[in-house]
Chemist: 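I'd like to ask some things about the structure below.
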Amino acid sequence: MVGWRTSLPVAILSLLATSSGVGAYRWYNWQFDVTCEATGFYVPANESELVDFVQYHYPRKTMLKPVGNGHGFGNLTTCVNDKDTERESYILSLTNLKTIEIYDNNTVTFGGGWDLVANLGSEKVQNYIGAATTGTHGTGKQHQNLGTQILGLRVLDAKGEIHTITKEHTPDLLKAYSIAIGALGIIVEVTIQAEPLAYLKRTTKPVEGSSNITELYQQIAEYGAKYEQVNIVGPTLNYDQDKHQLVVNPNITLVYWEETDYKGTRNCSIDFCSNDCGRCDRDYVCYDYKMEAIATTPSGICYRGFMGQFEHFFPIENLAEAGTDYMTYAKGQSDRMKPYIDDEIVGPGLKGQYLSDDVTVITRFIKGDDNWLSPVNKYNLQPNASGIFATLEYSWVPTYNNFTTQYFFQELASEYIPKFGETYDVRPHWNKMIFHNETYSATIYPKMNEWVDLQKKMDPNCQFINEFLAESLGIDRCQYLFD
């Protein structure tokens, strides 16, 4: 081992003791459209304080919800409102758990407070454990989601006892805990496999797409087959204020990566393009370290408007047909959208900056795995399936601060699984908008019942559960809390 262990100074003092009577604490996700009101907010200075807190609250059956940075679009990390149950409810932050050990064999062990260093998306604000254990991913037909990097975990159960889960000694359990979605305990430490430093060439290329939706998605499927690692931005649906209908803009932008031995000027991090960060509709090439070429963005958040987003995974063999059906259905919603389009609901000085009511689609690719609740699990694929998945990410972007339109978009997004899920073997991203129930979950996650049994063992009093998890996974023993 050639590493070190450090503990950062306590930056945030604990906001409550282990006694009740503290004023309520309101939590919001990153764009303030998902919220809950807990009894209080607790920030332990270290793991020992966290253990003491959990042990104190176990006999009280207090609802406990660890959160990262709230970078989600759904109700996965929502706390239980303290007025919705007779129990107390607390938000926990692990921001101070920032120990780190680095080893000779390219493995790293670090605490639950660390955020992503080299992000896979458009922002740097995600907590690593929160991202990994919800199936967050990048793109690439030989690349898997973050959860597959995990070699070991230390997990605190509801009783305050630590469990060590490793690929070496408990490989089946690791398949369950790698996609833990916040319900199998509080993950206080993770060990992952790191990679040697490498360089990539990134190319961005605008492409004119066919105005025929079927032909357009045949094109997109062909690009997906051609490139090993590609992000396909577009098509988009724009609401035409004059025609009062959604109009397809079929043009797309290819962003693709190739290995290179280039050692010259590194410039990807200063010329970034992804999800509202930088300009993507232009031809350009850059070179950089792999982590910079893939995802390092400008600091902060690139977009602060509203966004309702789902991301659906399905076998790559279904891409052309699924893409056509998804876009055709979205385009056909013009009449339903008309009552919600209002270009006057904009904050002071913001008109024109976030005015949207549009839809953007991004297509990515990912290699499947065998983690129990992974959205790209390979357990029930057809015999001829390649094991590679495509994803369709739909971002419904309302006029800034228009809650009415935002909630309509969520309603519209909820219709896709019932309409297309079984046809194309669709699995949703856990930390984006999800609306299916336990019946559908049991279909796409064959190991779900075993996972639910494990959840009961780790959380006998239903303290890590919220209404969304109880409904989505059919955790019947906890349903009484939300009736």
Side-chain angles (χ1 to χ4, degrees), residues 118-124 137-143 198-238 247-303 305 307 311 316 319-320 323-324 327 352-353 356 358-366 390-395 397:
N119 199 345
L120 297 178
S122 62
E123 296 167 6
K124 296 179 179 179
H137 65 100
T139 186
K141 288 180 289 185
Q142 296 305 313
H143 292 72
Y199 291 86
L200 288 179
K201 172 186 177 182
R202 186 177 78 221
T203 302
T204 300
K205 182 178 182 179
V207 174
E208 183 177 346
S210 171
S211 59
N212 179 284
I213 295 176
T214 300
E215 294 177 358
L216 171 62
Y217 268 93
Q218 289 172 346
Q219 281 182 272
I220 289 174
E222 289 171 3
Y223 286 126
K226 177 180 179 180
Y227 295 102
E228 162 58 30
Q229 190 173 9
V230 63
N231 195 38
I232 303 173
V233 183
T236 59
L237 275 170
N238 309 110
V247 178
V248 177
N249 176 357
N251 295 332
I252 60 178
T253 299
L254 304 178
V255 184
Y256 56 93
W257 294 263
E258 302 164 281
E259 293 185 0
T260 180
D261 58 1
Y262 175 86
K263 298 294 194 304
T265 302
R266 303 190 304 271
N267 61 337
C268 288
S269 62
I270 60 174
D271 194 7
F272 188 76
C273 152
S274 175
N275 301 4
D276 302 298
C277 299
R279 278 193 56 213
C280 300
D281 56 342
R282 56 197 169 104
D283 287 302
Y284 78 96
V285 172
C286 66
Y287 299 84
D288 220 316
Y289 290 130
K290 183 175 182 179
M291 60 185 179
E292 304 285 342
I294 290 177
T296 300
T297 68
S299 26
I301 293 176
C302 300
Y303 177 74
M307 185 186 301
E311 184 169 20
I316 192 173
L319 174 56
T324 298
M327 177 55 65
Q353 183 177 356
S356 183
D358 300 334
V359 184
T360 300
V361 185
I362 296 178
T363 306
R364 297 187 178 97
F365 304 89
I366 182 171
T391 81
L392 289 176
E393 178 186 279
Y394 266 62
S395 297
V397 187

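Sequential numbering from 1 along the given sequence is applied to the chain's residues. Computed from a prediction, not measured in an experiment: that's the story for all the values here.
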Chemist: Can you tell me how far apart OH (Y394) and CG (L237) are? Round to the nearest 0.5 Å.
Modeler: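 Separation between the atoms: 7.0 Å.
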Chemist: With side-chain contact (heavy atoms from CB on, under 4.5 Å) as the test, would you mind laying out the steps for L254 and Y223 before giving the verdict?
Modeler: CA-CA 8 Å; L254 304 178; Y223 286 126; 3.7 Å; yes
Chemist: Out of curiosity, K201 NZ to C268 SG, how far, rounded to the nearest 0.5 Å?
Modeler: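 Output value for this atom pair is 11.0 Å.
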Chemist: Which pair of non-hydrogen atoms, one from P206 and one from R282, has the smallest distance, and what is that distance?
Modeler: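 So the two residues come closest at CG-N, 3.3 Å.
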Chemist: Whether the side chain of E228 engages the backbone of Q142 through a donor-acceptor N/O pair (distance < 3.5 Å, no angle test) should be reported.
Modeler: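 The answer is yes, because a donor-acceptor pair under 3.5 Å joins these two groups.
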Chemist: Below 4.5 Å, heavy atoms only, C-beta onward: do K141 and I316 meet side chain to side chain?
Modeler: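 Yes, their side chains come closer than 4.5 Å.
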Chemist: N212 and T214: which non-hydrogen atoms are nearest, and at how many Å?
Modeler: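 The answer is OD1-N, 3.0 Å.
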Chemist: Between L319 and F365, is any pair of side-chain heavy atoms under 4.5 Å apart?
Modeler: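 A side-chain contact exists here, since the closest heavy-atom pair is under 4.5 Å.
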Chemist: Could you state the interatomic distance from CD (E393) to CG (N231), rounded to the nearest 0.5 Å?
Modeler: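 One gets 8.5 Å once the value is rounded to the nearest 0.5 Å.
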Chemist: Is there side-chain contact between K290 and W257, with at least one heavy-atom pair below 4.5 Å?
Modeler: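 A side-chain contact is absent here, since even the closest heavy-atom pair is not under 4.5 Å.
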Chemist: Which value, rounded to the nearest 0.5 Å, describes the distance between T253 atom OG1 and K205 atom NZ?
Modeler: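 Separation between the atoms: 11.5 Å.
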Chemist: Which residue, I220, N251, I232, I252, forms the side-chain contact (heavy atoms from CB on, under 4.5 Å) with V207?
Modeler: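 Testing each of I220, N251, I232, I252 against V207, the sole residue satisfying side-chain contact (heavy atoms from CB on, under 4.5 Å) is I252.
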Chemist: Quick one: does E259's side chain get under 4.5 Å of L200's, heavy atoms only?
Modeler: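 Yes - at least one pair of side-chain heavy atoms lies under 4.5 Å apart.
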Chemist: For a 4.5 angstrom cut-off between non-hydrogen side-chain atoms, does T265 reach Y262?
Modeler: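 Result yes, sub-4.5 Å side-chain heavy-atom pair found.
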Chemist: Would you say the side-chain atoms of N267 pair up with the backbone N or O of Y287, donor to acceptor, closer than 3.5 Å?
Modeler: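 Looks like yes, one N/O pair under 3.5 Å.
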Chemist: Working to the nearest 0.5 Å, report the span between CG of L216 and OG1 of T324.
Modeler: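 Reported value, rounded in 0.5 Å steps: 7.5 Å.
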Chemist: Considering only heavy atoms from C-beta outward, does the side chain of R364 approach that of I362 to under 4.5 Å?
Modeler: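 They are in side-chain contact.
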Chemist: Under the 3.5 angstrom rule, does the side chain of T139 hit a backbone N or O of V230 as a donor-acceptor pair?
Modeler: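 Indeed, once roles are kept as given, a pair shorter than 3.5 Å links the two residues.
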Chemist: Tell me the closest heavy-atom pair linking P250 and S210, and the distance in Å.
Modeler: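 That would be CB-O, 3.2 Å.
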Chemist: Verify the neighbour count for atom NZ of K263: are there more than 12 heavy atoms of other residues, nucleotides or ligands below 6.0 Å?
Modeler: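 Atom NZ in K263 is crowded, with more than 12 foreign heavy atoms closer than 6.0 Å.
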Chemist: When you compare the side chain of L392 with that of Y217, does any pair of heavy atoms fall below 4.5 Å?
Modeler: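 In short, these two side chains touch, coming nearer than 4.5 Å.
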Chemist: Does some side-chain heavy atom of Y284 sit less than 4.5 Å from a side-chain heavy atom of R202?
Modeler: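 They are in side-chain contact.
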